[in-house]
Amino acid sequence: MADEERDGVRLTSLDQPLGDGLGVTKGDLVDHLDRFADRIVPQLAGRPLSVKRVRPGQEPFMQRNVAKGAPDWVRTVPVWSSGAHREVHQVLCDDRRTLLWLANQRAVEFHVPFFQAGAETAPTGIVLDLDPPEGADFDVVVAAAGLVREALDAAGLAGAVKTSGSKGVHVVVPVRGVGPEDAAAATRALAARAAALDPDVATTAYIREDRHGRVFLDSTRSGSSTIVAAYSPRIRPGLPVSAPVSWEDLAAVRPGDVTVTTAPGRLGDGDPWTALLPDPQELPADLLAEGHTIPVARVQAMHEGKRRARAKRQAGEGAAGD
């Protein structure tokens, strides 16, 4: 087993498979994160980190609470977890050493919120996550992204786009001077405006069966949710990377083009994500007002699901009584 030390971090089993069916070694993951550390760490620094880890023979799992046995130099921040109903201590990845330690833990995906620890009421951005239907060509994602860009232009806003590392793309809009609820509302309004430009291509339907083969413009990741950071790998065969791309080049991109092994040649030595991101912007008042009239997608879907279940049950009871 190949072991080595970098920046005071002991790295183990680098020549071993990273996880089942991924087709890369643990060393491939470590090398990618180390090579892009100067570009990844600034996105993670000061933000409560969630990582998705792999282990051979196990299913991937999301980890928010810092791993047991973490070195005392790994910084953490206490965060209340509504899912776990307790306080957890999330890692603050502020330096290369912490990133390497996480890599040695087989942390593959790095997910962060749009706020700094201690500044939860001051979001730094909003995002639309474009999710294509199963089996769809990437061209439909490009078309939907064009609708989002058109909606942004009409609102006097600018955004940057990156592949999600999976099937879709993220459109990120840096913002300032807005609270979490307003940020979430503005995202809902942008999604609604973009979908209205071509309802045959895009939809805001949260319930999957209501999308009818259209690209889902997911507005639910603004506010307190997270997205995977640019340059982060994803847990897919070959470890594709969430890669920055210019609007002009988007049509020529395919989601699996950039992986942990091809990223150096495709992304170069610069930081295209930082270069592509516009400066933080104030959100227009009309966008905020419109967004607050749109129900929160998860809440609306929950109520609709209950309504449909009740209607189905009543229909069954009626048929049984005939």
Side-chain angles (χ1 to χ4, degrees), residues 1-45 49-76 90-112 162-167 228-244 253-273:
M1 294 184 181
D3 295 359
E4 62 178 85
E5 186 174 302
R6 302 184 198 177
D7 205 2
V9 179
R10 183 167 177 263
L11 304 167
T12 60
S13 307
L14 297 180
D15 59 348
Q16 297 300 303
L18 177 65
D20 300 340
L22 296 178
V24 297
T25 66
K26 184 179 175 184
D28 291 327
L29 171 68
V30 170
D31 286 344
H32 170 78
L33 292 174
D34 197 10
R35 187 179 291 115
F36 284 86
D38 61 337
R39 287 159 275 189
I40 296 176
V41 169
Q43 298 181 69
L44 310 181
L49 178 64
S50 303
V51 295
K52 198 166 188 180
R53 297 172 57 193
V54 296
R55 288 176 180 157
Q58 297 183 23
E59 289 295 314
F61 60 98
M62 185 70 82
Q63 183 165 4
R64 293 179 176 84
N65 207 13
V66 64
K68 292 180 179 179
D72 56 11
W73 45 259
V74 172
R75 292 184 63 219
T76 63
Q90 293 184 237
V91 170
L92 297 175
C93 185
D94 294 337
D95 52 34
R96 172 180 178 244
R97 182 166 61 160
T98 304
L99 186 66
L100 287 171
W101 176 76
L102 288 163
N104 195 54
Q105 298 273 316
R106 298 179 190 261
V108 178
E109 299 187 5
F110 294 75
H111 298 253
V112 286
K162 66 183 182 70
T163 66
S164 67
S166 181
K167 300 179 299 179
V228 71
Y231 311 114
S232 170
R234 303 301 302 272
I235 301 174
R236 306 282 190 279
L239 257 57
V241 169
S242 179
V253 167
R254 290 299 176 266
D257 286 349
V258 182
T259 68
V260 293
T261 53
T262 66
R266 289 188 171 270
L267 298 178
D269 296 326
D271 185 358
W273 184 237

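Throughout, numbering of the chain's residues begins at 1 and tracks the sequence. When reading the values below, keep in mind they use all heavy atoms of this one structure, side chains included, and skip hydrogens, waters and symmetry mates.
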Checklist entry - Which residues pass the ring pair (Phe, Tyr, Trp, His ring centres under 6.0 Å) test with Phe110, sequence neighbours left out? => result none
Item to check | Side-chain touch Lys162/Val228, heavy atoms, less than 4.5 angstrom | outcome: yes
Checklist entry - Within a reach of under 6.0 Å around CD of Gln58, are more than 12 heavy atoms found that belong to other residues, nucleotides or ligands? => result yes
Item to check | Listed once per pair and sorted, the salt bridge (Lys or Arg N to Asp or Glu O under 4.0 Å) pairs that draw on residues 63-72, sequence neighbours left out | outcome: none
Next on the checklist: Going by side chain to side chain donor-acceptor pair (under 3.5 Å), name the residues that satisfy it together with Asp34, two or more places apart in sequence or in a different chain.
Outcome noted: Arg6, Arg96
Item to check | Cys93 side, atom SG; Arg75 side, atom CZ - distance, nearest 0.5 Å | outcome: 11.0 Å
Item to check | Which atom of Pro240 lies closest to which atom of Gly165, heavy atoms considered | outcome: CG-O, 3.2 Å
Next on the checklist: Taking the side chain as everything from C-beta on, heavy atoms only, tell me whether Asp3 gets closer than 4.5 Å to Leu11.
Outcome noted: no
Next on the checklist: Could you work out, with side-chain contact (heavy atoms from CB on, under 4.5 Å) as the rule, every residue matching Lys52, not counting sequence neighbours?
Outcome noted: Pro60, Met62, Glu109, Ile235
Checklist outcome for this item: Taken to the nearest 0.5 Å, the spacing of Asp28 CG from Leu18 CG works out to 8.5 Å
Next on the checklist: Please determine whether side chain to side chain contact (heavy atoms under 4.5 Å, CB included) holds for the pair Leu49 and Val112, giving the CA-CA distance in whole Å, both sets of side-chain angles, and the decisive distance to 0.1 Å.
Outcome noted: CA-CA 5 Å; Leu49 178 64; Val112 286; 3.8 Å; yes
Item to check | Between CG on residue Leu102 and CD1 on residue Ile40, distance to nearest 0.5 Å | outcome: 11.0 Å
Checklist entry - Can you name the side chain to side chain donor-acceptor pair (under 3.5 Å) partners of Asp271, sequence neighbours left out? => result Tyr231, Thr274
Next on the checklist: Any non-hydrogen side-chain atom of Val108 less than 4.5 Å from a side-chain atom of Leu239?
Outcome noted: yes
Checklist entry - Who passes side chain to side chain donor-acceptor pair (under 3.5 Å) against Thr262, sequence neighbours left out? => result Thr259
Next on the checklist: Going by side-chain contact (heavy atoms from CB on, under 4.5 Å), name the residues that satisfy it together with Ala45, two or more places apart in sequence or in a different chain.
Outcome noted: Asp94
Checklist entry - With Pro56, which residues qualify under side-chain contact (heavy atoms from CB on, under 4.5 Å), at least two apart? => result Asp20, Arg106
Next on the checklist: Once salt bridge (Lys or Arg N to Asp or Glu O under 4.0 Å) is applied, what residue pairs with a partner in residues 36-45 remain, sequence neighbours excluded?
Outcome noted: none
Checklist outcome for this item: Closest non-hydrogen contact found for Thr163 with Val241 is OG1-O, 3.4 Å
Item to check | N/O donor-acceptor pair under 3.5 Å between Asn104 side chain and Thr12 backbone | outcome: yes
Checklist entry - Considering residues at least two apart in sequence or located in another chain, which fulfil the side-chain contact (heavy atoms from CB on, under 4.5 Å) criterion with Gln105? => result Arg53, Ala67, Trp101
Item to check | Closest approach of Leu267 to Ala243 (non-hydrogen atoms, all atoms of both residues) | outcome: CD2-CB, 4.4 Å
Next on the checklist: According to salt bridge (Lys or Arg N to Asp or Glu O under 4.0 Å), does anything in residues 255-266 pair up with another residue at least two apart or in another chain? List the pairs.
Outcome noted: none
Next on the checklist: To the closest 0.5 Å, what do you measure between CZ (Arg254) and NZ (Lys167)?
Outcome noted: 15.0 Å
Item to check | Close side-chain approach of Val91 to Thr98, heavy-atom, < 4.5 Å | outcome: yes
Item to check | Non-neighbouring partners of Arg236 that pass side chain to side chain donor-acceptor pair (under 3.5 Å), sequence neighbours left out | outcome: Ser166
Item to check | Minimal non-hydrogen separation, Ser164 against Ser242, with atom names | outcome: O-CB, 3.8 Å
Item to check | side chain to side chain contact (heavy atoms under 4.5 Å, CB included) between Glu4 and Leu14, intermediate numbers included | outcome: CA-CA 8 Å; Glu4 62 178 85; Leu14 297 180; 3.4 Å; yes
Next on the checklist: Minimum heavy-atom separation for Pro233 and Leu33, please, with both atom names.
Outcome noted: CD-CD2, 4.0 Å
Checklist entry - If you look at every heavy atom in Gln43 and Ala230, which pair is closest and at what distance? => result NE2-O, 3.0 Å
Checklist entry - Hey, are Ser13 and Lys26 close enough side-chain-wise for a donor-acceptor pair under 3.5 Å? => result no
